[in-house]
Novice: 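Pasting a structure here, questions to come.
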Amino acid sequence: MKVNHNILQLENNYLFSEVAARLRAFQAEHPDRKLLKCSIGDVTRPLPRIIADALKDAAEEMAHAETFRGYGAEQGEPFLREAVARYYTKRGLTIAPDDVFISDGAKSDLGDLCDLFDADNTVLLPDPGYPVYYDTSIMAGRRVTFLHGTQENGFLPMPDPAIGADLIYLCSPNNPTGAVYTREQLEVWVQYALDRKALILFDAAYESYIRDPALPHSIYEIPGAERCAVEINSLSKMAGFTGVRCGWTIVPRTLLLDGASLHDMWFRRMSTKYNGTSYIIQRAAEKVFTDEGQAAVHEDIAYYMENAHILRAALTKAGIWTTGGDNAPYIWLKAPHGLGSWDCFDMLLNDYAIAGTPGVGFGTAGEGYLRFSSFGTRETVTAAAKLLETL
Ligand code: PLP
């Protein structure tokens, strides 16, 4: 018997466990000080009423013989695949419901997609980035190369023709930097992927936070992407579904790589290893895409974006370099006084009782930076902002 030694190569999830341990130690030492958590990567607003009601109604359907449902459609219920496809028409895109695969969230799909590719592929990862891309690539035994985000490139690294890549992860708006690729930049990425016959895995988990109408929400807004890109999205951050769990992946039928249809492969893979997202959850997800549902979730998004604005304004007032926060729920800041990420984290915690997330935890290019999240309550954010102004 042999285990997957690739998994043993991974470090323990040092970042979040270390942040949690330091916050616990701080609270134990200072039980009377209120910790201002700007580190939280999870939503805090409750589900909109219309979504909660849809969950209740669907649960009730399950209690009656006439409306009870057992196993669902493998790829997701048609009503939800159609609702997702319609969502893209807002941007003038035609996505076939048949190209939409419903899942229990973006993280699972990002990991599961690894099943479709040979271990002998080079993965290109923008650094800093969401740690799941790196960890799942290493688990699958792939080579990983990095493209560094810097202040000079606005934390939006562009392809280097001298660097080879087969699988390219792009996240826009980005976690952790909040930076968003422009249309022109994504055109360059799509051309690079087409030239190399590479595949882009486009993580659009934060697209609903984009405010600037010129910025693309979907990779399919770029002509040619239907031949070189898969798009992963989720209701976690759009609609407060982090605990409810529902997402989707678009795998166009036009995607033919290495002589194979990725759509057919993904269908085969999903119908073998996944028995579908709960019917109850899919009914609630359907409601998110109605006009009423969109109005409700956009109220919560506006609340978080106002938090982002408050935090960023305070940092700017303090003369600190930031990016993000305009079209994303994350603000990426340069640690003041030339501090390293962890030293900055400790300084903010000990001197101001403010918690951030050290940038270096998202990759070596994050050293010297910190991530603030806007998912906290208004009360926390305004209290933190007042202190940050004096940094
Ligand atoms: N992609 C990015 C960039 C994220 O930041 C997250 C969650 O934080 C996910 C995907 C995972 O989202 P889900 O809750 O849909 O699994």
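In this text the structure is predicted, and so the values were computed from the model without any measurement. Just so you know, ligand 1 is whichever comes first in the structure, and atom 1 is the first atom listed for that ligand.
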Novice: How far is atom 11 (C) of ligand 1 from the closest protein heavy atom, and which atom is that?
Specialist: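 Result for atom 11 (C) of ligand 1: Y130 OH, 3.3 Å.
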Novice: Going by the angle between their ring planes, with limits at 30° and 60°, are F362 and W332 parallel, tilted or perpendicular?
Specialist: perpendicular
Novice: For the residue pair A225 and Y220, what are the closest heavy atoms and their distance?
Specialist: O-CE2, 3.9 Å
Novice: May I ask you to say whether R253 pairs ionically with D264, meaning some side-chain N is under 4.0 Å from a carboxylate O?
Specialist: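 Here R253 pairs with D264 in a salt bridge, since their nearest N and O are under 4.0 Å apart.
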Novice: Testing the basics here: between L194 and C228, what is the closest heavy-atom pair and its distance to 0.1 Å?
Specialist: CD2-CB, 3.8 Å
Novice: Tell me the contacting part of C171 for ligand 1: side chain, backbone, both, or neither, using a 4.0 Å heavy-atom threshold, strictly below.
Specialist: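 For C171, the contact with ligand 1 is made by the side chain alone.
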Novice: Taking all heavy atoms of E221 and all of H217, pick out the closest pair and write down the distance.
Specialist: OE2-N, 2.7 Å
Novice: Can you sort out which atoms of ligand 1 are near K237, meaning under 4.0 Å from one of its heavy atoms?
Specialist: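 Under 4.0 Å from K237, ligand 1 has these atoms: 7 (C), 8 (O).
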Novice: Examine the proximity of ligand 1 to Y206 and report which part, side chain or backbone, both or neither, has a heavy atom under 4.0 Å away.
Specialist: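 It is the side chain that touches ligand 1; the backbone stays farther off.
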Novice: Is the backbone of G41 close enough, under 3.5 Å, to the side chain of K237 for a donor and an acceptor to pair up by distance?
Specialist: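 Yes; at least one donor-acceptor contact below 3.5 Å.
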Novice: For atom 14 (O) of ligand 1, what is the closest protein heavy atom, and at what distance to 0.1 Å?
Specialist: S236 OG, 2.6 Å
Novice: I'd like the name of whichever of I232, D203, N175 reaches closest to atom 2 (C) of ligand 1 through any heavy atom.
Specialist: D203
Novice: In the protein, what heavy atom is nearest to atom 12 (O) of ligand 1, and what distance, to one decimal place, separates them?
Specialist: A106 CB, 3.9 Å
Novice: With a cut-off of 4.0 Å, which atoms of ligand 1 are near a heavy atom of S234?
Specialist: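 Reading through ligand 1 atom by atom, the close ones are 13 (P), 15 (O).
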Novice: Which atoms from ligand 1 have a heavy atom of G105 less than 4.0 Å away?
Specialist: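 What qualifies from ligand 1 is 15 (O), 16 (O).
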Novice: Just one of Y133, F202, W189 clears the ring-ring contact (aromatic ring centres under 6.0 Å, His included) bar with Y169, so which one?
Specialist: Y133
Novice: Would you mind listing which atoms of ligand 1 come within a distance below 4.0 Å of any non-hydrogen atom of R245?
Specialist: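 Here the atoms of ligand 1 in question are 13 (P), 14 (O), 15 (O), 16 (O).
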